[in-house]
S.K.: 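Following this message is one structure expressed as structure tokens.
Only a predicted model underlies this, so the values are computations on that prediction, with no experimental measurement involved.
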Amino acid sequence: MARSVKDPVEQRIAALRREIERHNRLYYVKAAPEISDRAYDRLYRELADLEARHPELQTPDSPTRRVGGEPLPGFRTVRHARPMLSLDNTYSRDELAEFDARVRKRLPDTPLTYSVEPKVDGVAVSLRYEHGTLAVGATRGDGRTGDDVTANLRTIRSIPLRLAADPPPAVLEVRGEVYMTTAGFKTLNRARREAGQAVFANPRNAAAGSLKLLDPRLTADRPLDAVFYAAGELDGIAFETHGACLRGLDALGFRIVPRYWICDAFEAVLRRIDELETLRHSFPFEMDGAVIKVNERTLYDALGLTARSPRWAIAYKYAAEQAATRIRAIRVQVGRTGVLTPVAELEPVSVAGSTVSRATLHNEDDIRRKDVRVGDRVTVEKAGDVIPAVVGVDKTARTGSETVFAMPATCPVCGGPVTQREGEVARRCENLQCPAQIKRWVRHFASRGAMDIEGLGDALVEQLVDGGLVGDPADLYRLTEDQLAALERMAQKSARNVLAGIEASRERDLWRVIFALGIRHIGARSAQTLEAHYPSLDALMQADTAALEAVPDIGPVVAHSVAAFFASPRNRAVVRRLGEAGVRLQRRAAPLPAGGADLAGKRFVLTGTLDAFTRDAAGDAIRARGGTVSAAVSKKTDYVVAGANPGSKLERARTLGVAVIDEAAFRDLLSE
Ligand code: IVH
């Protein structure tokens with residue numbers, strides 16, 4: 001049925017989308033929000049509810065539709081309407097002067113200016129908007145064709161799904177760089193290391209890897225952002241200068257390079273390049289140089305192209321933040337999941353203002369490829385907040401006393417066998433009893449984000465495992481005060497405190513237990529998802545891979561990992577012993593009210609989207625049974641009903657220990 005233009009629902013939806021897009025721009029692009037998160041949530045919820053009730057009004061460019069559905073089988077190839085060129089590079093000011101001379105020679109007597117802006121070290125992308133709507137987003141590829149990564153790019157909140165223009169141009173192609181924030185990169189790598197996954201060498205690789213994931217739901221979890229600096233094909237819009245282009249992109253809702261200068265004279269270009277370098281660490285992305293462009297876009301055709309780069313632009317690269325030093329030794333660390341990581345012990349050296357004495361060598365392949373030997377003079381590089389890495393070897397400095405490093409065939413901690421799983425670069429100690437693994441496992445189990453056992457620090461875990469008192473997390477619950485008090489540096493009082501911490505952890509939420517078990521790929525978020533679908537650890541243990549994959553937001557890799565974890569007799573035994581020790585292995589739920597559907601006096605808070613109810617319908621159902629619905633979670637709240645994509649209310653409920661129920665439990669409660 002065709003809707004008339006005046007349909008009030010349709011109008012409201014359109015108004016909400018415009019409003020939300022504006023707030024998205026203010027929040028994600030300008031970092032200057034005008035409304036509270038709560039007020040934003042309200043708008044978003046209203047839109048999501050309306051769209052749920054009127055699926056015929058749903059459109060792919062709605063701000064509610066950023067994270068797409070199913071994983072893709074592969075990426076489509078797309079041809080860029082205009083080739084994505086690369087830039088000529090130089091480290092030398094003389095060559096910059098030659099660039100200027102070449103430009104002026106080709107355009108004698110033509111007044112021109114230059115722009116200077118950061119060279120963003122990320123992954124180049126091109127976004128194509130047709131009639132104002134994001135149609136395709138692609139990687140650079142070979143410059144003529146790239147991969148269609150639209151679904152992944154849509155998950156980046158600062159990328160507009162619709163242009164802020166009325167009427168919009170028929171075609172607008174923008175070019176820019178997707179990057180991972182330095183802070184986000186650190187957090188991601190820490191989580192990956194703890195999960196036994198390979199870490200990314202630098203933010204650029206992490207951004208590239210994240211853009212190439214076939215499941216956009218995984219990409220949505222990666223701390224990606226984007227910044228734009230050029231235009232491709234344009235129809236219905238034109239920019240005379242590069243400055244006008246940047247201002248135009250800004251007005252259309254894009255995040256543009258955070259600084260740029262227009263310079264009349266070439267001397268000014270050099271000054272701005274120096275000024276930009278001092279700002280190197282003030283940007284949220286890594287910057288490896290300055291890009292100098294002729295500002296007058298109208299002169300581009302006259303200047304033309306060389307084989308692969310335009311004659312109207314050049315990149316000036318800043319020296320990397322590197323230093324030379326010597327490798328004293330290569331040690332091998334063993335992670336929680338048994339992954340062996342080689343680490344270079346260096347003669348301490350100062351890089352970018354801090355002293356570096358260790359650097360990662362990533363894995364054996366990397367060492368082989370670079371032919372790194374113990375005793376070598378090497379170059380170490382520090383990029384932003386990243387762990388220093390050995391990036392090069394000075395082979396001319398070899399004396400012959402250097403020794404080739406080989407990964408140990410046995411675990412350096414327990415002497416157990418080391419294996420390499422198919423398709424993985426990492427080598428692992430497969431001995432589940434390896435003290436290195438047990439220590440990390442127990443530390444993870446007790447950590448703040450997991451079981452939160454106060455007083456159980458690294459030094460104590462070390463002693464407990466080395467002393468044979470603890471061989472897995474379940475053993476913690478059998479410790480006695482005397483055993484603890486007998487340890488070094490442990491008074492009777494602190495022994496009692498540790499026991500109290502362990503005691504308190506018996507009552508943690510189910511998701512914390514799931515997370516604490518240290519299942520590969522399971523972080524706090526996915527543990528919460530699992531808790532929402534499985535009322536007990538028993539139920540989760542029974543689930544097979546297919547059942548787990550059917551859980552929204554749980555992909556095949558995670559499903560397989562969970563099933564594999566519980567297939568292990570040892571892990572099942574740990575779970576059984578945790579249960580015997582009185583650790584709560586059920587979802588925390590308030591007792592159902594007597595009299596079934598009588599919810600008199602019960603206070604509810606709703607968060608997230610429910611499948612079978614709109615917000616209003618859920619509220620009506622609660623009130624019809626005598627309950628009340630409030631907007632905020634407090635200690636007085638009896639139930640928080642959490643649907644898909646719950647907001648901060650869920651977190652708050654967990655903090656306050658309020659019962660959280662999913663839609664199935666909510667339905668049961670209503671029909672009781
Ligand atoms: S302009 C033909 N501006 O550097 C010029 N590129 O080595 C089109 N890049 O492929 C690009 N920051 O991915 C331009 N401010 C900036 C840039 C930038 C980073 C990348 C871009 C390009 C590569 C060339």
Side-chain angles (χ1 to χ4, degrees), residues 17-18 21-32 61 63 80-85 87 111-120 122 124-138 140 150 153-154 156-179 225-264 269 272 276 283 285 290-303 310 312-313 315:
R17 286 182 185 159
R18 271 195 308 273
E21 283 162 3
R22 194 171 74 85
H23 290 301
N24 277 347
R25 265 195 311 279
L26 287 166
Y27 186 91
Y28 292 107
V29 180
K30 300 283 173 211
D61 61 1
H80 303 301
R82 295 278 164 84
M84 286 180 78
L85 305 169
L87 289 172
L112 55 85
T113 55
Y114 288 109
S115 66
V116 176
E117 67 196 28
K119 182 166 189 318
V120 184
V125 295
S126 179
L127 305 180
R128 186 180 173 86
Y129 290 79
E130 291 172 358
H131 303 288
T133 296
L134 175 60
V136 190
R140 194 173 102 90
T150 315
L153 290 169
R154 293 172 63 95
I156 298 176
R157 294 298 199 275
S158 64
I159 290 182
L161 299 179
R162 287 201 308 180
L163 299 178
D166 197 12
V171 175
L172 171 82
E173 259 184 21
V174 290
R175 304 277 161 86
E177 211 82 0
V178 167
Y179 64 88
D225 213 325
V227 64
F228 293 87
Y229 46 64
E233 188 185 351
L234 299 175
D235 181 0
I237 190 166
F239 307 114
E240 294 248 310
T241 62
H242 179 58
C245 174
L246 291 177
R247 287 193 300 277
L249 296 183
D250 176 58
L252 288 165
F254 294 96
R255 180 215 283 268
I256 56 165
V257 281
R259 293 298 295 269
Y260 67 95
W261 296 269
I262 307 297
C263 309
D264 288 330
V269 167
R272 294 309 187 183
L276 183 59
F283 300 124
F285 46 77
V291 178
I292 297 96
K293 298 173 184 168
V294 170
N295 186 34
E296 287 72 22
R297 288 172 50 90
T298 46
L299 301 176
Y300 287 7
D301 283 344
L303 285 165
W312 42 263

S.K.: Check whether any side-chain N or O of Arg140 sits under 3.5 Å from a backbone N or O of Met84 as a donor-acceptor pair, and report yes or no.
M.R.: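 Yes: the side chain of Arg140 pairs with the backbone of Met84.
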S.K.: Between Val227 and Val178, is any pair of side-chain heavy atoms under 4.5 Å apart?
M.R.: no
S.K.: Just do the side-chain contact (heavy atoms from CB on, under 4.5 Å) check on Arg154 and Leu134 with the steps written out, would you?
M.R.: CA-CA 9 Å; Arg154 293 172 63 95; Leu134 175 60; 4.0 Å; yes
S.K.: Sub-3.5 Å donor-acceptor pair from the side chain of Thr113 to the main-chain atoms of Asn295, do we have one?
M.R.: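 Checking the backbone N and O of Asn295 against the side chain of Thr113, no donor-acceptor pair under 3.5 Å is found.
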S.K.: Test side chain to side chain donor-acceptor pair (under 3.5 Å) on His80 and Glu173 and set out the steps.
M.R.: CA-CA 9 Å; His80 303 301; Glu173 259 184 21; over 6 Å; no
S.K.: Answer whether the closest heavy-atom distance between the side chains of Tyr28 and His23 falls below 4.5 Å.
M.R.: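 When only atoms from C-beta onward are counted, His23 and Tyr28 do not touch, as no gap falls below 4.5 Å.
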S.K.: Would you give the length of the straight line joining atom CD of Glu130 to atom CG of Asp235, rounded to the nearest 0.5 angstrom?
M.R.: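 Here the rounded value is 10.5 Å.
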S.K.: Could you check whether any side-chain heavy atom of Leu276 comes within less than 4.5 Å of a side-chain heavy atom of Phe283, counting everything from C-beta outward?
M.R.: yes
S.K.: Go through Leu127 and Val136 one step at a time and tell me if the side-chain contact (heavy atoms from CB on, under 4.5 Å) criterion holds.
M.R.: CA-CA 6 Å; Leu127 305 180; Val136 190; over 6 Å; no
S.K.: Going from OH on Tyr179 to CG on Asp225, what distance comes out if it is rounded to the nearest 0.5 angstrom?
M.R.: 4.0 Å
S.K.: Can you confirm whether Val291 sits close enough to Leu87 that some side-chain heavy atom of one is under 4.5 Å from a side-chain heavy atom of the other?
M.R.: yes
S.K.: Any non-hydrogen side-chain atom of His242 less than 4.5 Å from a side-chain atom of Glu296?
M.R.: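 No; the side chains remain at least 4.5 Å from each other.
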S.K.: Does Cys263 offer a backbone N or O that forms a donor-acceptor pair with the side chain of Arg272 under 3.5 Å?
M.R.: no
S.K.: Which pair of heavy atoms, one from Ala81 and one from Arg128, lies closest together, and at what distance?
M.R.: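 Closest approach of Ala81 to Arg128: CB-NH1, 3.7 Å.
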S.K.: Check whether more than 12 heavy atoms from other residues, nucleotides or ligands sit under 6.0 Å from atom CZ of Phe239, and answer yes or no.
M.R.: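 Counting neighbours around CZ of Phe239, more than 12 heavy atoms of other residues, nucleotides or ligands fall under 6.0 Å, so yes.
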S.K.: Is it true that a side-chain atom of Tyr129 and a backbone atom of Ala170 form a donor plus acceptor pair closer than 3.5 Å?
M.R.: no
S.K.: Under a plain distance cut-off of 3.5 Å, with no hydrogens placed, do Tyr229 and Glu117 share a side-chain donor-acceptor pair?
M.R.: no
S.K.: Rounded to the nearest 0.5 Å, how far apart are NZ of Lys119 and CZ of Phe285?
M.R.: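 That separation rounds to 11.5 Å.
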S.K.: Can you name the nearest heavy-atom pair linking Gly132 to Pro168, along with the distance?
M.R.: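 For Gly132 and Pro168, the tightest heavy-atom pair comes out as CA-CB, 3.4 Å.
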S.K.: Under a 3.5 Å threshold, yes or no: a donor from one side chain and an acceptor from the other, between Arg297 and Thr241?
M.R.: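 No donor-acceptor contact under 3.5 Å links the two side chains.
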S.K.: Is there side-chain contact between Pro63 and Asn24, with heavy atoms separated by less than 4.5 Å?
M.R.: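 Counting from C-beta outward, Pro63 and Asn24 do come under 4.5 Å.
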S.K.: Does Asp250 come within less than 4.0 Å of Arg25, counting only side-chain N to carboxylate O?
M.R.: no
S.K.: What pair of heavy atoms forms the shortest contact from Leu153 to Ile159, and how long is it?
M.R.: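 Shortest heavy-atom contact: O-CD1, 3.7 Å.
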S.K.: Testing the basics here: between Arg175 and Ala231, what is the closest heavy-atom pair and its distance to 0.1 Å?
M.R.: CG-C, 4.3 Å
S.K.: Looking at Thr133 and Asp61, what are the two nearest heavy atoms and their distance?
M.R.: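 Between these two residues, the closest heavy atoms are OG1-OD2, 3.3 Å.
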S.K.: Is any side-chain heavy atom of Leu163 closer than 4.5 Å to a side-chain heavy atom of Pro169?
M.R.: yes
S.K.: Could you check Leu252 against Leu172 for side-chain contact (heavy atoms from CB on, under 4.5 Å), going step by step and ending with a plain yes or no?
M.R.: CA-CA 10 Å; Leu252 288 165; Leu172 171 82; 3.8 Å; yes
S.K.: Decide side-chain contact (heavy atoms from CB on, under 4.5 Å) for Arg255 and Lys30; before the verdict, give the C-alpha distance in whole Å, the side-chain angles of both, and the deciding distance to 0.1 Å.
M.R.: CA-CA 7 Å; Arg255 180 215 283 268; Lys30 300 283 173 211; over 6 Å; no
S.K.: Which atom pair, heavy atoms only, marks the closest approach of Leu234 to Ile237?
M.R.: CB-O, 3.5 Å
S.K.: Do the rings of Tyr300 and Trp312 sit parallel, tilted or perpendicular, given the 30° and 60° boundaries?
M.R.: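 Parallel, since the angle between the ring planes stays under 30°.
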S.K.: Under a 4.5 Å cut-off applied to non-hydrogen side-chain atoms, are Ile292 and Ser115 in contact?
M.R.: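 Of all side-chain heavy-atom pairs linking Ser115 with Ile292, none is under 4.5 Å.
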S.K.: For Glu240, does the CD atom sit with more than 12 other heavy atoms under 6.0 Å from it, leaving out its own atoms?
M.R.: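 Check fails, neighbour count at 12 or below.
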